[in-house]
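One structure is given below, encoded as structure tokens.
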There are 2 protein chains.
Amino acid sequence: MMADVALEHAILVSLLEQPGSGYELARRFDRSIGRFWTATHQQIYKVLRRMEADGWVTAEEIGQDGRPDKRCYTVAEPGRDALTGWLREPVQPETVRHELAVKIRGAAFDDAAGRAALITEVERYRADHETTLRRYLTGEQRDFPDPADLDAGQRLQHVVLRGGIEYERMVLAWLDDVLHTLHDL
Amino acid sequence: MMADVALEHAILVSLLEQPGSGYELARRFDRSIGRFWTATHQQIYKVLRRMEADGWVTAEEIGQDGRPDKRCYTVAEPGRDALTGWLREPVQPETVRHELAVKIRGAAFDDAAGRAALITEVERYRADHETTLRRYLTGEQRDFPDPADLDAGQRLQHVVLRGGIEYERMVLAWLDDVLHTLHDL
DNA sequence: TCATGCTATGAAACTCGTTGCATATCAACC
DNA sequence: GGTTGATATGCAACGAGTTTCATAGCATGA
């Protein structure tokens, strides 16, 4: 029981790094946290309400000038305990869902026109990942200009970002391999 | 409409490569196909029944000696059409779920004992990925001993496998980076 | 004044996939 | 004869996450 529950813990980490509203969390999930955990705002609001009911977080209504009010969430002790308990559980094996790999193998059962369309699609996909890599590298220079001078939290954020960077580089190299293979077919 | 629907197409590709029963598919998803698309036997049986009802596949009851009967599935024309239609749709952006990355950033909010436990867990996780890499490399030597002498389908399978191999190598290098970072904290 | 767009939150319906359970055949072994 | 284990299929209940829709305040510009 307790299951893996997933999103709760990503939210706890994000709120510990910096308290904020559901809307702000949703934007973080579109940027930094979203590199390794995606979530929509609907899901975030739903989970935040449950976490508040469970006493994991506390909410504070904040009136703002020139904008709608917001509910700012902060992690409470039970939430912190839930997180440290989860941190000690074994990491679940990743459940991989790589759609492009399925399509590449599927291309064996399509005609020349289909394979040509796939090449175009792989090229577009590759451009997206190149953009992502550039965004990561820009973010790295902005957030970690002096890697020797970081506190523990920043070093951990940095090593996760380096993982994202190496992943993108690996994907780009593999997509070149894929394109060569498709062209030589 | 039509959504991404996911598993159907992975099953279609697998059945086109080789017709088989739900049980056989489940084992393939634990090995080859499962590298980039995971599925349990319950889900596979459920989807196969739906695909049969939709006319995407046809089933044949096969009595066997020394084993229970099985239902062998073959892709029908509508299924093939559904696949080629899907192949021409844009690849959806991956929805990343990297639990370990969340835990690493979460370690900033845990004590020394928690970080020590995380190091142990990362080492176990690393050993798993090393095993996976070795399995891929063994499979590559077995299935593609002569890369110059492959048909289109095999070349596509091979390039997907190379992606898996490079992914594992990248993960192992990153995990070493993670371990150094955690030790130096 | 109207449209657009960003900030901000949420409900309802649905789909996908997991977990736990149930069933059955047959081989091999003790 | 009874257990274990592989083969083989499936249901029911649940949980996580997506999609669609709805609401509302306020700013900016046409």
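Below, chain A is the first sequence line, B the second, and so on; all start at residue 1.
- In the hydrophobic clustering of this structure, B:Leu12 does not group with B:Tyr45; members are Ile, Leu, Val, Met, Phe, Trp, Tyr whose side-chain heavy atoms approach within less than 4.5 Å, directly or through other members.
- Of the charged side-chain nitrogens involved, none lies within less than 4.0 Å of a carboxylate oxygen, so that B:Asp184 and A:Arg155 do not count as a salt-bridged pair.
- Nucleotide D:dG17 holds its C1' atom 12 Å from the CD1 atom of A:Ile11, rounded to whole Å.
- Electrostatic pairing of B:Arg135 and B:Asp30 does not count as a salt bridge here, judged by no charged N lying under 4.0 Å from a carboxylate O.
- Residue B:Arg67 has a polar side-chain atom (N or O) positioned under 4.0 Å from OP1 or OP2 of D:dA8.
- Taking side-chain N and O atoms only, B:Ser21 has a distance below 4.0 Å to OP1 or OP2 of D:dT9.
- Atom CG in B:Leu48 sits roughly 9 Å away from atom P in D:dT9 (whole-Å rounding).
- Ionic pairing of A:Glu166 and A:Arg162 is not present here: no N-O contact between side-chain nitrogen and carboxylate oxygen is shorter than 4.0 angstrom.
- The aromatic rings of B:Trp56 and B:His9 are tilted relative to each other, their planes meeting at an angle between 30° and 60°.
- Judged by the 6.0 Å and 45° rule, B:Arg35 forms a cation-pi pair with B:Tyr136.
- Rounded to whole angstrom, the span from the CZ atom of A:Arg50 across to the C1' atom of D:dC14 amounts to 13 Å.
- Between B:Arg97 and D:dG17 there is a side-chain polar atom (N or O) within less than 4.0 angstrom of OP1 or OP2.
- One finds a side-chain N or O of B:Tyr23 lying less than 4.0 angstrom from the OP1 or OP2 phosphate oxygen of D:dT7.
- Of the residues in residues 24-47 of chain A, those with a non-hydrogen atom less than 4.0 angstrom from any atom of DNA chain C are A:Arg27, A:His41, A:Gln42, A:Tyr45.
- Between the P atom of D:dG15 and the CD atom of A:Glu8 lies a distance of 12 Å, rounded to the nearest Å.
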